[in-house]
Amino acid sequence: MKRFIFIALAWAAFACSTKNELTPGSWLGVIQMDSIPGRLDVPFNFEVKVENNKVQLTVRNADELIEITEVERIGDSLYAKFPTFTSELVMAVNDSLSGYYYPKGVKDGRRYKFYGIKGETDRFPWFTEQPKFDITGRWWFIENPGTPDSTVMVAELKQEGSRVTGTILSTTGDYRYLEGKVAGNMFYFSKCDGAQSIIVRGEITDSATMANGLISGSPRWVSSWRAVRDDNAELPKAESLVRVRKGFSTFKFAGTDLNGIRITSDDERFKGKVLAVLAGGSWCPNCLDEGRFYKTMYEKYRDKGFEVVSLCFEDKTFEAAKPKIKRFAQSIGADYTFLYVAPRGREQRDSVLYSLEGKMAYPTSMILDRNGKIRRVETGFSGPGTGEHFKKFARETEELIMELLNEK
């Protein structure tokens, strides 16, 4: 009942909004992805800062802070663009916030209702029962169990009091930073990072089992899940998923850079260099984490002969893709090479990455030595939200880069 009162008040404010000022401080935002209140609601925390009539929003998902600085006031409404990706919020300002969340931007037209509650710091304030379980640990997380679409993943969770943080790892990458709580015997988890808005909830049936779960990222993606605790749960090794195709040892590429110039792997900038090839896109949240990591490696080792090229699979034309690629590159501060290579799609990806075979995903990466030989292949990317997994990957990748740079 408390949730429905919040919703009613927010939309009443939207209907009769006047020119009120936005209150700085803590807010709870809720995206309603379904016409049934509460079924697919995605809550997230954010802070509002106002200085010199300029508004900045900072979205929090566990340890990730996302600063939204592109905020414009037009009449009674605020227009806020998430960084990196194309999602936008359009909100009427009153004692609460109410309006719409556009996952692909206002121009795309698709939207979900949104409301915000000022002063609320709890991510799931409607659920107040004390937790009956501690779900800290590793879990086999099975989406759509018992069906042909069943997918086995690994959830890594950390609980402090009722608050839970962590992520879900799959062979195509992790779900990045998720945050939620345990209330009674129920588990609630969510995130909103501009690329994805995800809600996870389920019943904790005992200390080692969760069931009757729901996970959703849109009205078209609504899946069931169950989970079983297993401290040894681990995904398949990368080499079992994707590998260099028999008869190939190197890789050639071509694409168009942000200046509209045709660039190939035979260009002088790549000759005799250790090269990381990243295949992904500006729409891909795991590609964001991957790009940030390789930006650090590039800045650290470029003077020793390390290069990075991002092969971008985007819209059907370079003209449509260019502003998105540019925004993506600027958001992570990367000045390595970005190339538009093809529209997004499995066939296009497999054609461009002709040297590889297996269960490829976005992102997929290769590291080539100074002679152009492929020395490592990875598909998917587990970013900093995965904790020790990311630290291990970062350590091993840097060691490989240094080893290849030292080869004669």
Hey, are Y115 and Q32 close enough side-chain-wise for a donor-acceptor pair under 3.5 Å?
-> no
Donor-acceptor pair, D76 side chain versus A92 backbone, under 3.5 Å?
-> no
What distance do L288 atom CG and F85 atom CZ have between them, rounded to the nearest 0.5 Å?
-> 4.5 Å
Give a yes or no answer on whether the side chain of S170 reaches the backbone of T172 with a donor-acceptor pair at less than 3.5 Å.
-> yes
Close side-chain approach of N185 and F133, heavy atoms under 4.5 Å = yes
S223 side-chain N/O to I215 backbone N/O, donor-acceptor pair under 3.5 Å = no
Under a 4.5 Å cut-off applied to non-hydrogen side-chain atoms, are F381 and F390 in contact?
-> yes
Salt bridge K324-E314, side-chain N to carboxylate O under 4.0 Å | no
Quick one: do K191 and E179 make a salt bridge, cutoff under 4.0 Å?
-> no
With distance as the sole test, does K181 use its side chain to make a donor-acceptor pair with the main-chain N or O of F127 at under 3.5 Å?
-> yes
State whether the number of non-hydrogen atoms from other residues, nucleotides or ligands found under 6.0 Å of K273 atom NZ is greater than 12.
-> yes
Donor-acceptor contact present, side-chain W283 to main-chain F313, <3.5 Å = yes
Is there a donor-acceptor pair under 3.5 Å between the side chain of Y101 and the backbone N or O of V30?
-> no
Indicate the atoms forming the closest heavy-atom contact of F44 with C192, along with that distance.
-> CD2-CB, 3.7 Å
Is the backbone N or O of K252 less than 3.5 Å from a side-chain atom of Y354, with the two atoms forming a donor-acceptor pair by type?
-> yes
Quick check: does any side chain N or O of T167 sit under 3.5 Å from a backbone N or O of R176, one acting as donor and the other as acceptor?
-> yes
With R226, which residues qualify under side-chain contact (heavy atoms from CB on, under 4.5 Å), at least two apart?
-> I142, P145, T209, V228
K391/E388 under salt bridge (Lys or Arg N to Asp or Glu O under 4.0 Å): CA gap, chis, key distance, verdict = CA-CA 5 Å; K391 292 178 182 178; E388 290 302 320; 3.6 Å; yes
Spell out, as yes or no, whether a donor-acceptor pair under 3.5 Å connects the side chain of Y340 to the backbone of D315.
-> yes
Would you say the side-chain atoms of D257 pair up with the backbone N or O of N259, donor to acceptor, closer than 3.5 Å?
-> yes
Should the ring pair F189 and F187 be called parallel, tilted or perpendicular, given that the plane angle runs from 0 to 90° and is split at 30 and 60?
-> tilted
If we only count heavy atoms from C-beta on, is the L89 to F82 side-chain gap below 4.5 Å?
-> yes
Over 12 foreign heavy atoms within 6.0 Å of CG, D63 = no
Check against side-chain contact (heavy atoms from CB on, under 4.5 Å), V200 and W225 = CA-CA 9 Å; V200 181; W225 63 269; 3.7 Å; yes
Give the intermediate values and the outcome of salt bridge (Lys or Arg N to Asp or Glu O under 4.0 Å) for residues R327 and E70.
-> CA-CA 12 Å; R327 180 179 175 84; E70 293 181 74; 2.8 Å; yes
Under 6.0 Å from the CD atom of E399, do we count more than 12 heavy atoms belonging to anything else shown?
-> yes
Going by distance alone, is a donor N or O of one side chain under 3.5 Å from an acceptor N or O of the other, for E47 and S26?
-> yes
May I ask you to check whether D134 and T136 show a side-chain donor-acceptor distance below 3.5 Å?
-> yes
Residue R245 excluded, over 12 heavy atoms near CZ under 6.0 Å = yes
Is the shortest heavy-atom distance from the side chain of F328 to the side chain of C287 under 4.5 Å?
-> yes
Within a reach of under 6.0 Å around CG of D206, are more than 12 heavy atoms found that belong to other residues, nucleotides or ligands?
-> yes
